[in-house]
Amino acid sequence: MKNVVYGMLVVLALSACGKGSDGYTISGTLTGDLEAGTQVFLKKTDEKNMPVDVDTTTVENGKFTFSGAAGAPELHYIFIDQIRGNIPVIIEEGTINVRAQKDSLAFAEMEGTEQNDLFTAFLEGSRALSFRAMSMQDDMRSTSTEKDSATREAAIASLRDEYVELQDEAKKFELDFAKDNPNALISALIIDKALSTKALSDAEVKVLYDALSPEIKESNVGKKIMEKLSKSEATSIGSKAPNFSAPTPTGEELALHDVLGKATILDFWAAWCKPCRAENPNVVEVYNKYRGKGLSILGVSLDRTAEDWKKAIKDDGLDWNHVSNVNYFDEIAQLYNVNAIPATFILDENGVIVAKDLRGAALEQKIAELLD
């Protein structure tokens, strides 16, 4: 059930940009027992989603202020020294009023500018769904202590069904918000999350993106969505697979075009990826069955260490070509718009992508179609 809460909050961890060229002022009010001079930090996230300091001020008589050049609207975070949590706020031209209680920063109120008013409207709906998720967690804990097994199992099954319905409702809430508010920065963040997590198809994302206002399309996150869609189109079924090269386990440079067979499986995986490791025996079986008929496999590891990568190849018996930059979701993953693994691309003898993300029996069926 934590996934619902995470799903609601994950978009808050992404930065974005939009309009604005003049100044901003954050007028903050904090209630609760705070010492005069307590530091307040304004931060944003960088390209790697790591916090970066922007400005620092202090609390005086329960008040604090930040001001500066607005630039383009961008999601920032206000942190209070020695206080848990933070207050997300969109920096844009104008005066932004922030009110919070020091022991519940997550429930801060932001208003005064267009993007923050829209952001607050989204948060109110999101929090309502999160409260329901937490209530279900409490019910699940209570149910788990029920002594009668039949009663306990029936109650747990009912709660699981209710949870699935809540997940669907949460997804619908976010997407409906994006549809109804094409001028909101948070809408672009929702669309970007849906694209990255593959919650929607590229075609569905494109419809939402096309509906965004020109201003939001020109924001950083809007440009990011368009860039991802362009990359996805370049690796869509029917497209020629982009070539690349990377080091093999023994250090030689190997290119995709060097290992194309009559059919080729391009397999993005990693030693740390449990679903990848679980699928490996099936891939081994398919390879052993069709290698003599022209099947080639190129494994692209997204591991962080060469030791883990090489050990997994040996342990799983992956007797085919492998490359890796040993740099997690690196430029090759970005080239193929891979945000999660396992991810597979099936290529024909000309290097054209004919299928994607097939596993189990579906993978063997496609290879048989190409080679038998």
Side-chain angles (χ1 to χ4, degrees), residues 9-30 38-81 83 85-100 105-124 126 177-178 180-193 208-209 211-228:
L9 297 181
V10 69
V11 293
L12 308 185
L14 304 173
S15 61
C17 296
K19 66 172 184 176
S21 58
D22 294 328
Y24 74 90
T25 297
I26 298 178
S27 178
T29 300
L30 286 171
T38 296
Q39 287 189 304
V40 183
F41 307 95
L42 182 64
K43 302 186 179 188
K44 64 178 181 178
T45 54
D46 61 16
E47 292 180 355
K48 296 183 179 180
N49 208 30
M50 298 299 293
V52 176
D53 290 337
V54 175
D55 201 356
T56 305
T57 188
T58 57
V59 177
E60 302 296 340
N61 298 317
K63 306 285 186 179
F64 67 90
T65 301
F66 288 108
S67 61
E74 186 173 8
L75 190 61
H76 285 59
Y77 304 88
I78 298 171
F79 290 82
I80 315 299
D81 191 29
I83 301 298
N86 62 77
I87 304 170
V89 59
I90 297 175
I91 299 298
E92 62 178 332
E93 180 184 347
T95 298
I96 306 158
N97 298 308
V98 176
R99 294 183 296 275
L105 299 186
F107 299 97
E109 298 176 359
M110 295 82 66
E111 63 179 11
T113 62
E114 179 187 21
Q115 294 300 331
N116 283 288
D117 289 346
L118 289 166
F119 188 23
T120 296
F122 171 79
L123 287 176
E124 288 174 353
S126 174
F177 187 94
D180 296 339
N181 298 276
N183 60 324
L185 196 62
I186 189 67
S187 296
L189 289 167
I190 291 169
I191 295 168
D192 184 51
K193 187 189 75 169
L208 289 174
Y209 169 81
L212 290 175
S213 68
E215 178 181 51
I216 298 302
K217 285 181 181 177
E218 285 301 312
S219 69
N220 276 358
V221 69
K223 292 176 181 178
K224 187 196 308 183
I225 293 169
M226 191 67 257
E227 181 181 354
K228 288 180 179 179

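As a basis for the values below, the full set of heavy atoms in this structure was taken, side chains included, without hydrogen atoms, waters or symmetry mates. All values reported here derive from a predicted model rather than from experimental measurement.
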Looking at [X] and [Y], would you say the former's side chain and the latter's main chain have a donor-acceptor pair under 3.5 Å?
| X | Y | answer |
| --- | --- | --- |
| Asp117 | Gly112 | yes |
| Gln115 | Leu185 | yes |
| Glu114 | Ala184 | no |
| Asn116 | Ile90 | yes |

When you compare the side chain of [Y] with that of [X], does any pair of heavy atoms fall below 4.5 Å?
| X | Y | result |
| --- | --- | --- |
| Glu218 | Lys223 | yes |
| Pro88 | Phe119 | yes |
| Ile26 | Phe64 | yes |

Report the residue from [options] that forms a side chain to side chain contact (heavy atoms under 4.5 Å, CB included) with [X].
| X | options | result |
| --- | --- | --- |
| Ile225 | Ile191, Asn220, Leu208, Ile216 | Ile191 |
| Phe41 | Thr56, Asn86, Ile78, Val54 | Thr56 |
| Phe66 | Thr57, Val89, Thr25 | Thr57 |

Separation of [Y] [atom2] from [X] [atom1] (nearest 0.5 Å):
| X | Y | atom1 | atom2 | value |
| --- | --- | --- | --- | --- |
| Lys63 | Leu30 | NZ | CG | 9.5 Å |
| Glu111 | Thr95 | CD | OG1 | 11.5 Å |
| Met110 | Ile96 | CE | CD1 | 9.5 Å |
| Thr38 | Asp81 | OG1 | CG | 7.0 Å |
| His76 | Thr45 | NE2 | OG1 | 9.0 Å |
| Glu109 | Thr29 | CD | OG1 | 10.5 Å |

### Message
Between Ile186 and Asn181, does the side chain to side chain contact (heavy atoms under 4.5 Å, CB included) criterion hold? Intermediate values first, please.
### Response
CA-CA 9 Å; Ile186 189 67; Asn181 298 276; over 6 Å; no
Which heavy-atom pair separates [X] from [Y] by the least distance, and what is that distance?
| X | Y | result |
| --- | --- | --- |
| Ala211 | Pro182 | O-CB, 3.2 Å |
| Ser187 | Ala178 | OG-CA, 3.4 Å |
| Ala188 | Val221 | CB-CG1, 3.3 Å |

### Task
Please step through side chain to side chain contact (heavy atoms under 4.5 Å, CB included) for the pair Thr113 and Tyr24, ending with a clear verdict.
CA-CA 10 Å; Thr113 62; Tyr24 74 90; over 6 Å; no
